[in-house]
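Heads up: the structure comes next, in structure tokens.
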Amino acid sequence: MKIIVQKFGGTSVSTHDRRILVVEKILKAKEKGFQPVVVVSAMGREKNEPYATDTLLSLVSNQFRNEELLSVDLLLNCGEILSSVIICDELFLKNIKAVPLTGGQAGIITDDNYSDAAVLEIDTSRILKILSEGKVPVIAGFQGISRKGYFTTLGRGASDYTAAILGVHLNAEEVEIYTDVDGIMTADPRIVKEATLIEKIDYDEVFQFADQGAKVIHPRAVEIAKQANLPLRVKNTLNDCDGTQIDNFGAQYSEKIITGITHMKNRVQITVTQEENKENEMYFRLLDILAENSISIDFINVFNDKSIFTIDLKDLNKFKELIGTINIKYSYIQDCSKICIIGSRMRGKPGVMAKILKTLINSNVEVLQTADSHTTIWCLVENKYTEVAIKALHKEFGLG
Ligand code: ADP
Ligand code: MG
């Protein structure tokens, strides 16, 4: 049995015309001799689209949303469930028998960490039975069921994860992630018009893209596919482009030092000041308190008289509360963006950081901080510089 998992994102299932294209992709897979297992997201992406996840969220009060996580997860499950039934209808109209399944019905068992549940086990027997009857299972992405029987969700954007983990457990030949762009591009095409398609990329490099803000694929999907050596392909529902192939060898196909550029908005740069050469007790205490409260920090620089680091904007209020409990002075810059320059071939090549800094300075971008690893360089800038910075770097490194 040659199984292929095909995942269709929110924009791919948002209108009748697009759902017809979805059915064509499923038909094509069948024609090639595959047994498709389909995973779908909720219809639409924007808040004004009636069944999109954000719209569903807006149906309940803020307080309920923050406190009644079990209920909110049940509400959010509805979006993907609707899509699964509607895609089955489109298939039905083409004489293809299909069965819609919730995540739980598809055998995805999770813990009960609502809104960000972890998958504990997968029972593929129902999917396999449906396939053996010659039907197409159409599974609601982004969701599972806890051992206690409550509906859960796996985190925003996690339909990709549903597809990948099912691909692993079904021993699929490949997982196709269909979206509204041609594949993984050198930068977000909504920001850089000249962004080009990356035809082949390896798991580690694409993980950096996913982890550092490129929405196009979920990091957990990449992680699980890598562990199982399962090939992924990101493709456009709207055309027949080959998309991006993701496997272990991708990086070998390119000669460019830089593969692409991503960014993460909503970073806050914090500066805490200490008395010079005084014991850093308070600072260490702060780090412990942040860790205990699951506030992660990065871009950490420690000087004699001050320390600088960044947190996510969503943690700012909590941070203020916590730092208020200890005697330490601080200031912050709220609207920052972390720009991430990714390239596994920059390893051991001198001068990349210098070129990045020169490019940014020549574009009048003020760089607040930098950090680097063997394969990635990060620059912290104020949000107002984000687009200029990405465009300038994209051009300078010949990615267009
Ligand atoms: P879906 O609903 O299909 O899951 P997403 O919105 O999650 O789609 O992801 C697709 C979007 O990711 C694209 O529309 C694009 O704007 C954005 N994106 C950000 N960075 C990149 C990148 N490097 N390559 C491709 N798309 C990117
Ligand atoms: Mg997505």
Side-chain angles (χ1 to χ4, degrees), residues 5-15 18-19 21-22 25 38-47 49 51-55 76 79-80 83 87 140-143 153-164 175-201 205-222 232-239 241-246 250 254 256 258-265 337-343 376 386-387 390-391 393-394 397 399-400:
V5 178
Q6 298 181 296
K7 179 259 167 176
F8 298 93
T11 48
S12 301
V13 294
S14 61
T15 64
R18 290 190 174 192
R19 291 194 288 271
L21 299 175
V22 166
K25 302 292 182 198
V38 175
V39 174
V40 288
S41 299
M43 289 179 276
R45 178 189 284 151
E46 309 300 333
K47 272 206 179 105
E49 294 180 271
Y51 311 107
T53 300
D54 283 329
T55 311
L76 295 188
E80 274 69 15
S83 296
I87 291 295
F142 157 73
Q143 55 177 261
T153 63
L154 310 177
R156 293 302 292 269
S159 291
D160 299 341
Y161 180 48
T162 302
V175 172
E176 294 180 330
I177 309 276
Y178 282 96
T179 184
D180 62 345
V181 290
D182 285 352
I184 314 280
M185 319 277 290
T186 48
D188 186 341
R190 273 187 251 190
I191 293 182
V192 184
K193 298 231 159 25
E194 298 77 22
T196 51
L197 178 69
I198 301 166
E199 288 174 12
K200 293 187 165 105
I201 187 166
E205 233 178 2
V206 86
F207 182 83
Q208 294 297 329
F209 275 75
D211 195 47
Q212 300 297 317
K215 266 179 68 196
V216 61
I217 190 164
H218 196 282
R220 280 160 94 184
V222 179
L232 302 174
R233 196 178 272 276
V234 181
K235 297 176 89 169
N236 196 336
T237 306
L238 307 175
N239 64 34
C241 176
D242 279 342
T244 301
Q245 184 186 330
I246 304 168
S254 174
K256 290 199 174 125
I258 302 302
T259 308
I261 303 164
T262 64
H263 75 285
M264 286 167 91
K265 281 197 172 152
S337 248
K338 179 182 176 184
I339 293 175
C340 178
I341 299 108
I342 300 160
T376 315
T386 306
E387 285 206 28
I390 295 176
K391 284 178 180 160
L393 292 168
H394 195 267
F397 283 96
L399 300 176

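Both counts, for ligands and for their atoms, begin at 1 and track the order of listing.
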- Quick one: pull up CG in Asp242 and NZ in Lys235 and give me the separation to the nearest 0.5 Å. 6.5 Å
- Message: To the nearest 0.5 Å, what is the distance between CD1 on Ile342 and CZ on Phe207?
- Response: 11.0 Å
With nothing but distance in play, are any N or O atoms of [X] less than 3.5 Å from an N or O of ligand 1?
{"X": "Thr186", "value": "no"}
{"X": "Asp180", "value": "yes"}
{"X": "Phe209", "value": "no"}
{"X": "Met185", "value": "yes"}
{"X": "Arg190", "value": "yes"}

Considering only protein heavy atoms, which is closest to [atom], and at what distance to one decimal place?
{"atom": "atom 6 (O) of ligand 1", "value": "Arg45 NH2, 2.7 Å"}
{"atom": "atom 7 (O) of ligand 1", "value": "Lys215 O, 3.5 Å"}
{"atom": "atom 1 (P) of ligand 1", "value": "Thr179 OG1, 3.6 Å"}
{"atom": "atom 2 (O) of ligand 1", "value": "Gly10 N, 3.2 Å"}
{"atom": "atom 12 (O) of ligand 1", "value": "Val216 N, 3.5 Å"}

Give a yes/no on ligand 1: does [X] have at least one heavy atom closer than 4.0 angstrom to it?
{"X": "Gly183", "answer": "yes"}
{"X": "Ser12", "answer": "no"}
{"X": "Gly157", "answer": "no"}

On a heavy-atom basis, which atom in [X] and which in [Y] lie closest, and how many Å separate them?
{"X": "Cys340", "Y": "Thr376", "value": "SG-CG2, 3.2 Å"}
{"X": "Ser337", "Y": "Thr386", "value": "OG-OG1, 3.0 Å"}
{"X": "Asn239", "Y": "Asp182", "value": "ND2-OD1, 2.8 Å"}
{"X": "Arg45", "Y": "Asp54", "value": "O-OD2, 4.3 Å"}

- Message: Using the rule given for side chain to side chain contact (heavy atoms under 4.5 Å, CB included), can you reason through Lys215 versus Thr179, listing the C-alpha separation, both sets of side-chain angles and the distance that settles it, and then say yes or no?
- Response: CA-CA 11 Å; Lys215 266 179 68 196; Thr179 184; over 6 Å; no
Does only the side chain of [X] get under 4.0 Å from ligand 1, or the backbone, or both, or neither? Count heavy atoms.
{"X": "Lys7", "answer": "side chain"}
{"X": "Asp188", "answer": "both"}
{"X": "Ser41", "answer": "neither"}

- Between Lys391 and Glu387, does at least one N-O distance fall below 4.0 Å, as a salt bridge requires? yes
- Under the side chain to side chain contact (heavy atoms under 4.5 Å, CB included) rule, what do Thr186 and Ile198 come out as? Steps first, then yes or no, please. CA-CA 6 Å; Thr186 48; Ile198 301 166; 4.1 Å; yes
- Evaluate side chain to side chain contact (heavy atoms under 4.5 Å, CB included) for Arg18 paired with Thr11, printing each intermediate quantity in order. CA-CA 8 Å; Arg18 290 190 174 192; Thr11 48; 3.5 Å; yes
- Show your reasoning for whether side chain to side chain contact (heavy atoms under 4.5 Å, CB included) applies to Tyr178 and Leu21. CA-CA 11 Å; Tyr178 282 96; Leu21 299 175; over 6 Å; no
- Query: Against heavy atoms of Pro189, which atoms of ligand 1 measure under 4.0 Å?
  - Reply: 25 (C), 26 (N), 27 (C)
